[in-house]
Each structure stands twice: as structure tokens, then as C-alpha cells.
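As a basis for the values below, the full set of heavy atoms in this structure was taken, side chains included, without hydrogen atoms, waters or symmetry mates.
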Amino acid sequence: MKYKVKNKKNINLLQEGELLNTILEDRGISDPSHYLNLTDDDILDGVLLKNMYEGLCMLKWHIDNGSHIHIIIDCDCDGVTSASMMYNYLKRISPSQNITFHMNQGKAHGIIKKQLEGYLEDVMLLIVPDAGSNDIEEVGNILKEYDLDILCLDHHIIDNSIDTFGNVELINNQDGQYPNTTLSGAGVVYKFIKEYDKIAHFNYADDYLDLCALGLVGDSMDIRNYETRRLVDKGLANIKNKFIQQVIMSRDYSKPTSFEQVDKDNINIKTLGWQVAPLINGVIRFGSNEERMIMFEALIGKEEMVEHQGRRIKGVLPPPTMETWEKYAVRVCTSVKGKQDKAVQKCMKIIEKDITDEYLKNNKIVIYDASDIEDMSSEFSGLVSGKLAGSNRIKRPVFLLRKKDDNTYGGSSRNYSLFEEQDTRTILEESGLGHGMGHPNSFGLNIPIENIDKIQEYFNDRFKDIKIEDVYTVDYKINLPRLKEKDIITIGKYSNIFGSNVLQKPTFVIENVEIPVDKIMLLGSKRNFLKISKSIGSQNFEFVKNSNQEEYNKILGRDIKGIGKAPKSIIFTFICEFEVNKYNDTEKGQIRIVDMEYTSEKQNKRRFF
């Protein structure tokens with residue numbers, strides 16, 4: 001088991017309870033105490049956004065005059081949540097308004113005149129959430145033919161702004177004057193409807209904060225920003241959307257029959273990022289237009305009941321039942337994502353078979369041209385590259401390419417989470433041979449075809465001293481006698497603040513912990529829970545992990561049948577996380593084992609605890 005420690009700072013002399021603050025400072029949060037105690041005062045005034053007042057007046061005019069309003073649904077989780085927020089809000093404040101919507105075919109983003117055919121007319125309002133800022137050519141073509149208004153609520157970098165047209169209002173937090181550039185489209189939509197609440201004397205915007213939080217998390221926004229974090233926290237605390245509720249219920253092992261039965265303490269950033277957002281993105285990538293609309297209609301609260309025919313039970317077909325639209329939508333989405341996952345696996349098998357052992361032996365990253373794979377869709381190339389990077393055989397960065405034209409490759413890159421180098425995008429940029437767009441280890445590619453061999457050589461040279469093996473990157477090495485239970489409990493209690501790309505859960509290494517064998521126990525009715533106890537002075541530490549009889553026997557030096565004489569003690573090194581074990585009204589800190597190595601032999605010149 002190999003690991004490297006990110007921070008060389010001596011934390012052994014920290015005061016009790018200071019470890020969490022130190023970790024947050026390491027993550028780029030300058031005032032941890034403030035960050036842990038955010039209030040609505042951290043939410044900025046929406047009028048700081050350029051064109052906010054003009055946009056509000058535009059919408060109010062069209063509502064007052066009963067205009068046709070059309071919403072473009074952008075093709076990702078942020079776009080879907082942004083559009084559903086806007087639709088829900090408009091239907092609430094003006095139920096009789098004629099509001100239509102559409103989603104572009106494939107994964108085409110923004111304003112596309114051809115895909116708006118049948119919706120456009122004079123004296124209407126076109127609302128474009130989470131897209132459109134730079135679609136100046138398409139907007140120009142529309143305005144040549146139609147006398148209509150366009151309201152764009154976006155967060156993407158402005159290169160060629162559409163607000164040069166007189167009947168276009170662009171509200172974008174990248175405008176150069178709004179202090180928070182980390183809002184997604186859903187965040188900008190929330191700011192807009194919150195301001196509309198004020199001028200129209202409503203109080204509805206906060207009812208859609210769950211959709212706002214889902215958009216922010218689904219678009220991987222930087223939640224270290226106080227306002228962005230506060231909006232996410234408020235959304236997580238108020239899940240009202242029935243589709244989101246249904247997704248969470250469907251993933252809950254306790255099988256709740258209503259959302260009231262769900263443990264709300266377990267709803268966090270990972271819930272949205274790992275359960276809800278992937279389901280939405282799966283349907284957008286792989287679903288038909290009908291399936292996409294089923295999902296969107298669930299997000300906007302369609303109340304129609306649907307007949308559902310269950311599966312046969314012991315050869316007998318049960319009578320059909322009626323189910324809500326959101327439950328029906330979750331079943332449809334789950335089915336689509338299942339088909340997507342099968343397609344991803346199929347492409348993976350083709351690629352893995354084509355990558356030879358000799359190639360892996362000679363190269364520290366995998367660069368693969370998937371242009372000729374028939375079933376390889378650009379919509380899920382990121383998923384395929386991620387699965388490949390994390391496969392047992394590869395375990396290294398993957399550049400999965402598709403030809404954009406005769407001179408350029410596009411594609412996706414993903415890195416293996418335990419690869420020793422954890423910022424391949426920056427290294428690609430430093431090479432000057434290609435361009436990466438996105439996060440350090442998850443990004444889109446734009447590479448001249450003539451540079452492919454050069455990039456392979458560059459990375460091989462850059463990584464020449466890296467072995468292809470699992471390397472854990474931990475925050476700190478901890479001296480167990482110096483560890484305080486308050487720090488374990490504090491980090492455990494605030495574990496829900498972690499879970500994003502920039503706020504990853506902290507991990508630690510604790511070396512050379514000598515444990516008497518009678519303190520190593522396999523518990524549970526299924527004997528699947530390992531508990532290792534260690535007492536040092538007045539402190540008692542519990543290390544825990546899910547396990548099995550085979551691993552337990554191996555730790556104690558017994559054979560597969562459990563036969564063999566165990567040593568008096570075992571010496572462990574743990575890679576671990578901190579958590580809180582709640583029992584009745586008491587809280588106890590415990591140490592969750594991520595990985596471990598152990599020996600029964602003491603090594604010279606080492607300290608054991």
C-alpha cells in the first residue's frame with residue numbers, strides 16, 4: 001500500500017478541534033469559521049447582476065400582456081433544472097400564461113433557430129436559461145424574421161455577447177461586475193426569480209432552491225464560494241420537488257414509502273451528485289426525445305397518473321396499479337440509464353481488447369482513437385474514458401479521442417483516482433500540444449492530429465518515474481497518541497460539507513498501530529463488520545470497515561478454514577476517514593478504514609502505539 005502526504009504541516013500541536021479548520025484552509029477557504037456558519041447575509045443582492053432591472057421589466061411586460069413565452073431547455077442537468085425552475089415559477093405567478101418549451105436534439109446547446117421552428121412568432125418572449133450568451137449569429141437570424149424579445153439567464157464565459165441587440169437582455173454572472181462567478185445557470189435563474197418576487201410582492205422563489213442546488217452540484221460549481229454554498233445548503237434542507245424526492249426514495253436501502261420516512265440527515269451533496277444528477281444526465285445522453293420529456297414533465301410537477309403493470313411473481317401476473325407521474329418517470333430514467341451503462345460496457349470491452357499488454361507496458365497514459373467504434377457516442381465518451389481509467393488493467397489517465405475534422409481530435413479525458421499524478425489537464429496545457437477544457441482530472445480534449453505521438457512521448461517522459469500502482473493521496477500523517485476524539489467527531493459531524501471536486505473528503509494515514517488480537521473483532525449477524533479497538537491512556541479509538549470472514553482470517557494469519565495460530569498482536573497502517581457513530585442520544589467518533597496493511601512482525605527503529 002503506497003501513499004503520499006499532501007501537506008507537510010505539523011498538525012500534532014494543533015489545539016483540540018482545530019483540525020477541521022486547518023483542512024478547510026488547505027482547501028482554499030480563508031475563513032473556515034464563517035464558512036461553517038453561513039447565513040442568508042452571504043447571499044448577494046441580485047440587482048448587482050448587469051441588466052437585472054431591464055430583464056425583470058421585460059418579463060413583467062410579457063406577463064401583463066399575456067404573451068406567448070417559450071423556454072429552451074439546455075441539454076444537461078443544470079439546463080434541465082434551470083428551465084424547470086423558470087417554468088414552475090412562471091406557471092405559479094401566471095397560471096393561464098401560454099408557456100411552451102423544447103429541448104434541442106442530441107446535446108446541441110443554446111439558441112438554434114432551426115430547432116425553434118413551430119414556436120417562434122411576433123410579440124413573444126424567448127427565455128434561454130443556462131445557455132445562449134454567445135449565440136449572436138442565431139439570434140441575429142431570428143430577429144431578422146420575428147419581432148420578439150429574448151431573455152438569457154446564463155453563466156458561461158461571454159465571448160461574443162448577444163446583448164448588442166436592442167430587444168435582448170443578457171443576465172450573466174460572468175458580466176465582470178457580479179462578485180460571484182461560481183453560480184451555474186440554475187443559480188442565475190434563482191437570482192432572477194428572487195428579484196421578481198420583490199417587485200411583484202411574491203414569496204415563491206425559495207420553493208425552487210432544491211432545483212437550484214441540483215443544478216449547482218450537477219454542473220460541478222465551486223462550492224467554496226459563500227453564496228453558492230449557502231444556496232446549496234438551503235436547497236438540500238428543503239427538497240420539495242417530487243421527482244427529486246422520488247429519485248432519493250428509490251435509492252434508499254430502507255425502502256421508504258413516502259419522503260417523510262427518509263432520513264434527511266443523509267441528504268447531502270453526494271446524494272445530488274451521485275444519485276440524482278447522473279440519472280438526469282443519462283436520459284439526456286441516451287434517451288429519446290419522448291423519454292427526455294417524461295423526465296422534464298416530472299420536474300415541472302405533471303400530476304397525471306400512469307398505469308403500471310408489474311412483473312410476474314411465480315408465473316402469475318399481478319393486476320395493474322396506478323402510479324404517479326414522478327414514479328413513472330424515475331422508472332423510465334432508470335431504464336434508460338441501464339441501457340446507457342450497457343452501451344458503455346460494450347464500448348469498454350472493444351477498447352480494452354484492442355489495448356495490448358505491450359502498449360500498457362510502454363506507456364504511462366492511454367491515448368485511444370475511438371472514431372471507428374460504431375456504438376461509441378460522443379455523449380458518453382467521458383463515461384467510457386472514466387471506466388477505462390479505473391479498470392484493474394489500466395489504472396492510469398485515458399485520452400479517448402474522436403475525429404472532429406481532418407486536422408483535429410476532440411474527446412474526453414479521465415484519470416484514475418489513485419494514479420500518483422492528479423492534474424493531467426494542467427500537464428497537457430503545459431505541453432503546448434493540446435487543450436483541455438474542464439477539471440484537473442476530468443476534461444474535454446482538443447488536440448491537433450499531428451501532435452498525438454508527441455503527446456504520448458511527452459507524458460511518458462513526464463511520468464517516467466511513476467509506477468502503475470495505487471497511490472493514496474492523504475491530507476496528513478497523524479500520530480495516533482496526538483489525535484483527539486473531538487477532532488474525529490467535528491470532522492465526522494461536518495462530513496456533509498465535503499463531496500465536490502474542490503472539497504473532497506479528508507483522508508489520513510496512521511502508521512504502526514499495534515493491536516492485540518483480542519481487540520480485532522468480526523461482528524454482525526452476517527459477520528461482515530470489522531472493528532479494531534485501540535486504547536492509549538484515557539482515549540479509546542475504534543477503527544471500522546465492512547469485511548468478511550476471509551479477510552478476518554487473513555489478518556490473524558489463519559488459512560481459509562480459520563485454522564492457524566494467531567500472533568499476540570498485529571501492527572497496522574491505516575488509510576482512513578473520520579466519522580460519527582450515533583447511538584441513541586450519544587455521539588462517538590470512529591475511524592473508517594479506507595485501506596490498510598498489516599504485519600505481525602515489529603520492524604526495527606519504528607515506534608508502535
Open item on the list: A side-chain contact here means heavy atoms from C-beta on lying under 4.5 Å apart; do Leu125 and Leu148 qualify?
Closed with: no
Open item on the list: Counting the benzene-type ring for Trp, do Tyr208 and Tyr190 have ring centres under 6.0 Å apart?
Closed with: no
Open item on the list: Could you tell me if Asp210 and Asn241 have a donor-acceptor pair between their side chains, going purely by distance under 3.5 Å?
Closed with: no
Task: pair Ile127-Ile69: side-chain heavy atoms closer than 4.5 Å - done: yes
TODO: Tell me yes or no: between the side chains of Ser371 and Arg402, is some donor less than 3.5 Å from an acceptor?
DONE: no
Open item on the list: Please determine whether a side-chain nitrogen of the Lys or Arg among Asp461 and Lys364 lies less than 4.0 Å from a carboxylate oxygen of the Asp or Glu.
Closed with: no
Task: Residues Asp470 and Tyr416: side-chain donor-acceptor under 3.5 angstrom - done: yes
Task: Arg396 side chain vs Val366 backbone, donor-acceptor pair below 3.5 Å - done: no
Open item on the list: Less than 4.5 Å apart, side chain to side chain, heavy atoms only: is that true for Leu503 and Tyr35?
Closed with: yes
Open item on the list: Among Lys2, Lys467, Lys4, exactly one meets salt bridge (Lys or Arg N to Asp or Glu O under 4.0 Å) together with Glu420. Which residue is that?
Closed with: Lys2
Task: Test of ring centre spacing under 6.0 Å for Tyr409 and Phe399 - done: no
TODO: Decide, yes or no, whether a salt bridge links Glu421 with Arg462 under the criterion of side-chain N to carboxylate O below 4.0 Å.
DONE: no
- [ ] Indicate whether the side chain of His109 and that of Asp76 have a donor and an acceptor atom separated by less than 3.5 Å.
- [x] no
TODO: May I ask you to check whether Lys337 and Asn281 show a side-chain donor-acceptor distance below 3.5 Å?
DONE: no
TODO: Kindly state whether the ring of His102 and the ring of His70 have centres lying under 6.0 angstrom apart.
DONE: yes
Task: Ion pair check, Asp475 and Lys6, cut-off under 4.0 Å - done: yes
Task: Salt bridge present between Lys191 and Glu227 (N-O < 4.0 angstrom) - done: yes
Task: salt bridge (Lys or Arg N to Asp or Glu O under 4.0 Å) between Asp233 and Arg229, intermediate numbers included - done: CA-CA 6 Å; Asp233 288 345; Arg229 179 81 217 198; 3.2 Å; yes
Task: Sidechain N-carboxylate O distance under 4.0 Å for Glu297, Lys302 - done: yes
